[in-house]
Each structure stands twice: as structure tokens, then as C-alpha cells.
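Working notes, beginning with the structure itself.
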Protein chains: 2
Amino acid sequence: MPYPQITIKDIAKALNVSVSTVSRALNNSPDLSEGTKRQISEYARLHNYKPNLVALSMKKQESNVIGVIVPQMIHHFFSSVLEGIMDVAEKEGFSVMLFRSLDNFEKERRSVQQLISSHVCGVLTSMAKETTHYEHFQELVDNHIPVIFFDRICVDIPSNRVVIDDYAGALAATEYLIKTGCKRIAFFCSPLNLEISKNRRGGYLDALSKHGMSVDKELIRICDNYDEAIPVATEMLQSDNRPDAFFAVNDETALGILHATKQLHFKIPEEVSICGFTDGFAAIASDPQLTTVGQSGLDVGRSAMELLVEKIRYKGDTPLLKNKIIKTKLIVRETTR
Amino acid sequence: MPYPQITIKDIAKALNVSVSTVSRALNNSPDLSEGTKRQISEYARLHNYKPNLVALSMKKQESNVIGVIVPQMIHHFFSSVLEGIMDVAEKEGFSVMLFRSLDNFEKERRSVQQLISSHVCGVLTSMAKETTHYEHFQELVDNHIPVIFFDRICVDIPSNRVVIDDYAGALAATEYLIKTGCKRIAFFCSPLNLEISKNRRGGYLDALSKHGMSVDKELIRICDNYDEAIPVATEMLQSDNRPDAFFAVNDETALGILHATKQLHFKIPEEVSICGFTDGFAAIASDPQLTTVGQSGLDVGRSAMELLVEKIRYKGDTPLLKNKIIKTKLIVRETTR
DNA sequence: ATGAAAGCGCTAACAA
DNA sequence: TTGTTAGCGCTTTCAT
């Protein structure tokens, strides 16, 4: 039918009943004669009536739209999280409004404003790297919009959280490197204002001390992408006291290190071991295949959305803070002994 | 301020003026005394007033929300497209409502329904693999909601399109393989109900015939992912009349082929050449690095969104069909001679 | 069993 | 320059 959407008003007029009758029929209200009810539903179906969600949201003062803010789209982990969020959102009947911060504070702030303006019923987000103050998130809380942080959480905002067990993942990876005989283990990480960086570094440091190894500050570098990793790793590998293992906060960085190591013709893993964090497709595509700490973005996304749905549905009844920790799994492939 | 959003009504009451005055002040209407205007804006700013976009959308009968439906999130190309869409959406002041079909017809249909119900002002989409009839898309058109298809386009719906120059990309890649001496070039592609498959096959076939090479049906396989590619490629490589080159519709498939080829200890690229399509991160991470047809998802996303914005803004004035073809670029790395 | 009317937040035509 | 009012689509209370 080449016509714009019809409204309950159109149906009412056509069937010579009142709009309230139509509304009741469409909502399957009990006190209504079967006759009119059938007639109305029939007409609605025939003319392809769809409720106007904007009007509904206006009337009910609540929507079924949740907001999501991620740092970026081209990113294996965040894509996976998004996929997980969509899995649950779809099942539970929520729509997703998507924003992206590009790790920029101002963009993140504006996204939050937009979300408040759009009257979404909840927000899922992973903080931008730049963000160091949190008034915008606080505003969500003030407006009684439930927020769940995942991965890059914000500890200063009372909210629920879904995190990867970064500490345990880093600890396990570092211990594995130690147990396979590595003596000088370098660590490449993101800026330390992020909780995940702190936690992964914590795991790394504790593994060292647990095994009686000293910490060499020279071996800890702020470097978290492929392109930067190449020169940094190259320089380290050419030094007299070179590392014999690298542990990086993500796969891209690990693969940059791998590239540099191959270029310098070190034997992998005999002379140099490398371990990443994420387990994206590239970890399998690389040669040798990358040993890495697998983190399931899907599980993070699903858990976060499940927590949010619960918070939206049972408002107030649930305990204030209920967090979720997603386990990692060390996936040993070919870049470690 | 720990309070819910205030409305123009609240402001009106507080300042003892009418709501229309507040509305005018906030919309910077010319016929209003500077005094009241300043007073109102000041109060609004102070109390953190934000327009209710739901109410606005209701009133104006138009929203600034566009809908996007992609087959899946965990996918380098579609993530890139999404990133491109967000670039432009953000700049032009649109919000994005995201759906995902998982290549399933029913999910796609429901997403479209939801989008219509949500009264979005436009839709960007890439069809599900399963989809073979198009009433749901037609409904968008009937409702005067502009639709732009990208990549997996729908030729049966009057709409604008943004496509990768699949034919030229496949032609160039195949010709390159031929020119570097490959004699038996296999082709791995997606099901042929998709235009992109047809076009890429077209390029492949035309390159062969252009160079006087015959087509061997045995060399053309429906296979478009990593896991399936491994056994299929293995079987082909073990046959008496094995191919000496593979051209795949995406990088994952190419990398599956690469894996199989390495396992069988064929020399790459001397004995077997491999070329993919996409140029994701894995193409660089692999060893040898993958030769592939680079397609810029970012450009596709940006162009699609630009087209959509134009269609939304200058409704009716633009020529009915205005399509955009995004060029590919053959990126020669190490899996070809 | 059904209708009339108010109201969600906002804009705009009309009045004053 | 400012106020009053109707109305966008829908639900819901109160009448009938």
C-alpha cells in the first residue's frame, strides 16, 4: 500500500468508533466485545498499522531504546561487545542507539547529552581514553538513567560494571612466560588512567614478584598499537640487555612486536616470546600464530546488556551494585615456547 | 544537580512567562526582548535544560535519527562502513539506530518494521544473504523513508546505492594473477544471489576470457569463510590438476586458503599465488602478508551517509537515482608473484 | 462495552 | 513583545 503510516485515529474514523476503543482493541484490553476487537485488529492488520513508538515514548515517559557509546567501531573487541549487546537487546525488545567517542572526551560528553535528550532508558559504555572527569556520566545517574560500564570502567560513578578479569589474565600470561624460561619480560600497555591498564600491569608485576624476579622500569612501555610498537620493539631488541619476551595489552601491539622481531631475524619463540591480549582474527592469521589472552567481547556485551535490562525492569529492587567479571583464557599458540 | 530533566514548562513557571516565550527564547526567535531572552537562556543553562527530542520528533513529525541495518558487527568491512557512517552522522547532527540481520531474512524484516515504527528519517542497509524478496524494503519507500543500499544492494527497489567497484576490482586482481604467470586460477565466492558475488565473478570470468584462458567450472567454488576454505583448498591442491592461484571474495577465505597451502608445504607465491578482497588488519598480520583488493569501508559508509543526508534535506529536488561507486585498489603484498 | 477528554513536551498560528 | 491554544499519536481516568 503506497500510503504513509495510519494512526489509531484513522482506524477510529474508518470504523466509526472512538480512538480509545481502538487503543483498547490493539492492546487487547479485556473489557471489549470480541466483535469490535476482531474488526479493529483485522482492519489494523490489513492497513499495516504500526504503533508510533515516538508517541508511545512520549506518552509513557519511557522508551525502549538504550544508548551505547564505544570508543570506535573498527576494533575487534568492541565489535564483539556490540554483537553481544545486540544479541540480548534483540531478544529483550530494545533498540540500540549507537555513539562513538573516538577516545575523545568532548565527543563522549556530547554523546551522553544526546542520549539524555533522546530519553533513552539506559546506557552501556566503555570510557574514552582521554576522559578524566565524569560530570557527564554523573548527569545520567542524576537523571535516573541506568548506566553500565564495560571494560573501560569508571570507578568514580556509582554504577554497575562488567569487566574482563584483566589482572588474572595478565598474571596467567606472565607466569606462563616465566615458566617457559623467559627472564626479561617487557610489558607494553595503554596509558595508566585506564583501569584495565592498571590491572593488567598489576598482574604483570605480581607475577614477576611472585617468582622472585625484579622489575626493570626500562621494560615497561606506554605503547598500544601496531605502528608504534614496531620502532619501540626494534629499539629494545637492539639493546645490549634485550628482553627475551614481550607481553602486550592487545593483539595489534603484539603483532607489531612480532613484525619487528621477525625483521631482526630473532627466532620465535626460542629467542623471543610474544603474548598478546584479545584473540582477534589476526591472532590466527599471523605466522607464527599469536599466543594471546582470549577475552570474549561477546560475553562482555551480553552480560552488560543483561545487567542493564535487569536494572531497567526491576528498578530499585535490585541491590545497588552488582558487577560481573568475565574470565579470560590463555590461548597458547606459536609465539611462546 | 540531582534532578530529572526540566522542561520549558518548568522554566516558564519559574520565570513567570508563557511556554511559548520560553520556546521562542530557546530557539532564538527575533521578536523577543533581549532581556527576557537572556534571562531565559541563563536559567535554562543553569538548570541544565535539554530539549526533549522525543517531543520534538512528535511535534515536527520528523526525527534526526537514521536507521542502519548491517548483517553483522564482527566484520572488518561492516565495522569500517559503520565508522564512516558515524563520521558523517556526527558532523551532520544525526543519531544512529543500529540493527543487525545476521544474514537472516526474518531478523532483517523485523528490523525494518522497528525502524518504521520508530519513525526514523532514513535508512542505510546492506542486505542479508538470505533475502530474496523485498516487500519490507518497499514498505520503507511507501512510507517515504529514504533508503540507501550499500555493498549488498537490492536492485529491485527504487533507491540510491553505494557500491564497491567489485567488477573492476576482481578484473584487476585476476589480470594481475594472469600477468604474473598463473595458469589455473581458482575462484572462491559467496552465493550468487548477491550482486557483489555476480560482479566479482564477472570480473574474474572476463579477465580469463580477455586473456584467452578457458573457464574450468571445477575451479569456481561457493565458499566464503576461513573454516570452510581450509578443507576445500586442501582438496583442490591435492588434485592432479591443481590450481596455481586462488582469488577469494574476502580476506578470511584467502587466509584459510593460505593456511591450507602452507600446511601442504607449497611455496608461496612461487607455486601458489593467493589474493583476497577487503584488506583488513589480518591481511597485514599474516605471513606472508596477503595480496588483496582493498575496499574502503570508510568511504562506502561516508558516501552512503552523505547521499542519505542529501536525500533527507533536499527532499524531492534531487534526481531520483544517484549512485556512487567506490573504487578498489589492488594491494600487492607477498602472496602473489 | 464504549466514548470524551486530559496530558506527555514542544511549536506555531493566531490574538492581543 | 508576549500569551493562548491547538495538536502531533497515544494511553488512561472518568463518565456513561
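By convention in this document, chain letters (A, B, ...) are assigned in the order of the sequence lines, proteins followed by strands, and residues within each chain are numbered from 1. Only a predicted model underlies this, so the values are computations on that prediction, with no experimental measurement involved.
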Please enumerate all protein N or O atoms sitting under 3.5 Å from an N or O of nucleotides 5-9 of chain D, with distances to 0.1 Å.
residue, atom, partner, partner atom, Å
D:dG7, N2, B:K59, NZ, 2.7
D:dC8, OP2, A:K9, NZ, 3.0
D:dC8, O3', B:Q61, NE2, 3.1
D:dG9, OP1, B:Q61, NE2, 3.3

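Listed by chain and residue number, nothing satisfies the ring pair (Phe, Tyr, Trp, His ring centres under 6.0 Å) test with A:F99 (two or more places apart in sequence, or in another chain). Legend: residues meeting side-chain hydrogen bond (donor to acceptor under 3.5 Å, both in side chains) with A:S111, ordered by chain and number and at least two apart, are absent. The ring pair (Phe, Tyr, Trp, His ring centres under 6.0 Å) search around A:Y43 returns A:H47, not counting sequence neighbours. Listed by chain and residue number, nothing satisfies the ring pair (Phe, Tyr, Trp, His ring centres under 6.0 Å) test with B:F77 (two or more places apart in sequence, or in another chain). A:N28 meets the side chain to side chain contact (heavy atoms under 4.5 Å, CB included) test with A:K37; sequence neighbours excluded.
A:N48 and B:E139 form a side-chain donor-acceptor contact under 3.5 Å, judged by distance and modelled atom types alone.
Axis orientation changes by 50° from one end of the helix from C:dA1-D:dT16 to C:dA16-D:dT1 to the other, with each end axis drawn from 5 pairs and the value rounded to 10°.
A nucleotide of DNA chain C counts as in contact with chain B when one of its atoms lies under 4.0 Å from a heavy atom; the first and last such, 5' to 3', are C:dC8 to C:dA13.
Contacts between residues 26-38 of chain A and DNA chain D, defined by a heavy-atom separation below 4.0 Å, involve A:N27, listed by number.
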Distance-only donor-acceptor hits, side chain of residues 56-74 of chain B, under 3.5 Å, sequence neighbours excluded:
residue, atom, partner, partner atom, Å
B:S63, OG, B:V65, N, 3.2
B:S63, OG, B:H119, O, 3.0

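Annotation: salt bridge (Lys or Arg N to Asp or Glu O under 4.0 Å) contacts involving residues 114-138 of chain B, sequence neighbours excluded, comprise B:K129-B:D224. The side chain to side chain donor-acceptor pair (under 3.5 Å) analysis of residues 297-308 of chain B, with sequence neighbours excluded, yields the pairs B:D87-B:R302, B:S296-B:D299.
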